[in-house]
Amino acid sequence: MPFDTELTRRLGIAVPVVQGGMQHVGYAEMASAVSNAGGLGIITALIFPEPEGLRQEIRKCRKQTSKPFGVNITLLPALVPPDYEAYAQVIIDEGVKIVETAGNSPGPVISKLKKAGCTVLHKCTTIRHAQSAVKLGVDFLSIDGFECAGHVGESDITNFILLSKARQTLKVPFIASGGFADGQGLAAALCLGACGVNMGTRFLCTVESPIHHNIKEQIVKAQETDTTLVLRRWRNTTRLYKNKVTEQALKVEQESKTGEFSEIAPYVSGKRGREVFINGDPEYGVWTAGQVIGLINDIPTCKDLVARIEKEAEDTLKERLALVKPAPKL
């Protein structure tokens, strides 16, 4: 039975599952596979050094799916920031109507996208940030719990609390992000007030994911304890897969006398992280993974994964509803 939530209605998708934007992963082949499976695939804009590269990837994705897909723009601190508005203009020019945003000071980009008629999903790790995003006119909030991969924020609030708080306080529909891998998780998120889920690590471990098979097998072997947090000292706390490089980075972070970021920079190099996905060596560099890594036990196609999540969620909701029995007649 098809799901009918605010997310499926407004985005035109069949299953309320979004593939979050992932650096080095969110190419057309990934996004189109998720969209063809009934979810919402996302291309990651900043994979491409120049906006023109994003334009070509959007056109490539259009050839691979006729279903809705989106683009992610994440605004992060940088010595030389990318031209975010140029990337946004490419999205607008190419007629993409769904955009996932995240990061710092997204106001100008969100304003530009909204004026062009885009539906904006903004990812945030606190209710305070969510409320600020509402004032910017976003259409959906992606509530990102402490369990998530990558940038977890500085508040350490897990999704069980965040989602309930969102339900109590927010007037804009929201989706749940961080800690989701199966239909039981989707059912739980819906019961907590979300209108869908966002998954990154789970989609990382699919047939169509454009990373080395060794890394997918490593995810299957991993436990929920196999992630770690780095960069807390610099208020840029990031959840990564636990390996030798993250252990070295943590040692520097904890023992540095100067607190200079340059001391840890070689260990958290994004270039080395990208090489992990190419060479298949999980110890070569840092790479992001959520605690949900402990719930992933196979490497399905996106089609099989989304269909399984849909069935599991439907069955779970029906089973839980069956627990409610009519009161006995006196």
Side-chain angles (χ1 to χ4, degrees), residues 7-8 11-48 53-54 56-72 74 94 96 98-100 121 148-150 175 177 180-183 185-186 196-222 241 273-282 287-290 292-293 295-313:
L7 191 72
T8 60
L11 269 56
I13 59 178
V15 186
V17 172
V18 176
Q19 167 243 315
M22 292 178 280
Q23 191 68 357
H24 314 312
V25 179
Y27 292 95
E29 61 191 296
M30 179 88 261
S32 61
V34 175
S35 291
N36 285 332
L40 181 76
I42 300 277
I43 295 171
T44 303
L46 297 187
I47 287 177
F48 308 97
L54 172 61
Q56 297 308 315
E57 200 70 11
I58 290 171
R59 292 178 179 179
K60 181 179 178 182
C61 195
R62 279 237 166 78
K63 293 178 181 177
Q64 297 175 353
T65 184
S66 60
K67 304 289 181 65
F69 65 89
V71 175
N72 166 279
T74 298
E94 293 301 313
V96 176
I98 304 168
V99 184
E100 179 187 64
L121 294 71
C148 73
I175 61 177
S177 180
F180 297 96
D182 53 31
L186 172 57
V197 297
N198 178 302
M199 302 193 310
T201 305
R202 174 64 271 197
F203 279 121
L204 194 62
C205 194
T206 56
V207 170
E208 295 90 347
S209 172
I211 68 172
H212 199 288
H213 190 74
N214 287 354
I215 304 304
K216 300 176 188 182
E217 290 184 333
Q218 195 69 24
I219 291 171
V220 170
K221 293 176 188 174
Y241 177 76
R274 181 175 181 272
E275 284 297 315
V276 167
F277 291 158
I278 296 171
N279 66 28
D281 179 1
W287 50 286
T288 59
V292 75
I293 199 169
L295 303 181
I296 297 171
N297 303 306
D298 63 353
I299 309 170
T301 64
C302 289
K303 180 180 179 180
D304 288 345
L305 175 62
V306 173
R308 183 169 73 199
I309 288 173
E310 181 180 31
K311 185 176 188 309
E312 287 174 346

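The model shown is predicted, which means the values in this text are computed figures rather than measured ones.
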From NZ (Lys60) to NZ (Lys63), nearest 0.5 Å | 10.0 Å
Is the backbone of Ile42 close enough, under 3.5 Å, to the side chain of Glu100 for a donor and an acceptor to pair up by distance?
-> no
What's the spacing between Leu121 CG and Ile175 CD1 if we round to 0.5 Å?
-> 5.0 Å
Kindly say whether Val207 contributes a backbone atom to a donor-acceptor pair with the side chain of Lys216 at under 3.5 angstrom?
-> yes
Side chain of Thr8, backbone of Ala14: donor and acceptor closer than 3.5 Å?
-> no
Can you check whether Leu46's main-chain N or O pairs, donor with acceptor, with Gln23's side chain at less than 3.5 Å?
-> yes
Backbone N or O of Thr206 within a donor-acceptor pair of the Ser209 side chain at under 3.5 Å?
-> no
Quick one: does Thr201's side chain have a donor or acceptor within less than 3.5 Å of a partner on Ile293's backbone?
-> no
Please check if the side chain of Trp287 supplies one atom and the backbone of Pro282 the other of a donor-acceptor pair under 3.5 Å.
-> yes
Side-chain (Ser35) to main-chain (Ala31) donor-acceptor, under 3.5 angstrom | yes
Taken in chain and number order and not counting sequence neighbours, the residues that satisfy side chain to side chain donor-acceptor pair (under 3.5 Å) with Glu217 are His213
Looking only at side chains, do Asn36 and Thr65 share a donor and an acceptor under 3.5 Å apart?
-> yes
Is the number of heavy atoms from other residues, nucleotides or ligands under 6.0 Å of Arg62 CZ greater than 12?
-> yes
Considering residues at least two apart in sequence or located in another chain, which fulfil the side chain to side chain donor-acceptor pair (under 3.5 Å) criterion with Asp304?
-> Thr301
Say whether, by atom type as modelled, one donor and one acceptor occur between the side chain of Glu208 and the main chain of Cys302 under 3.5 angstrom.
-> yes
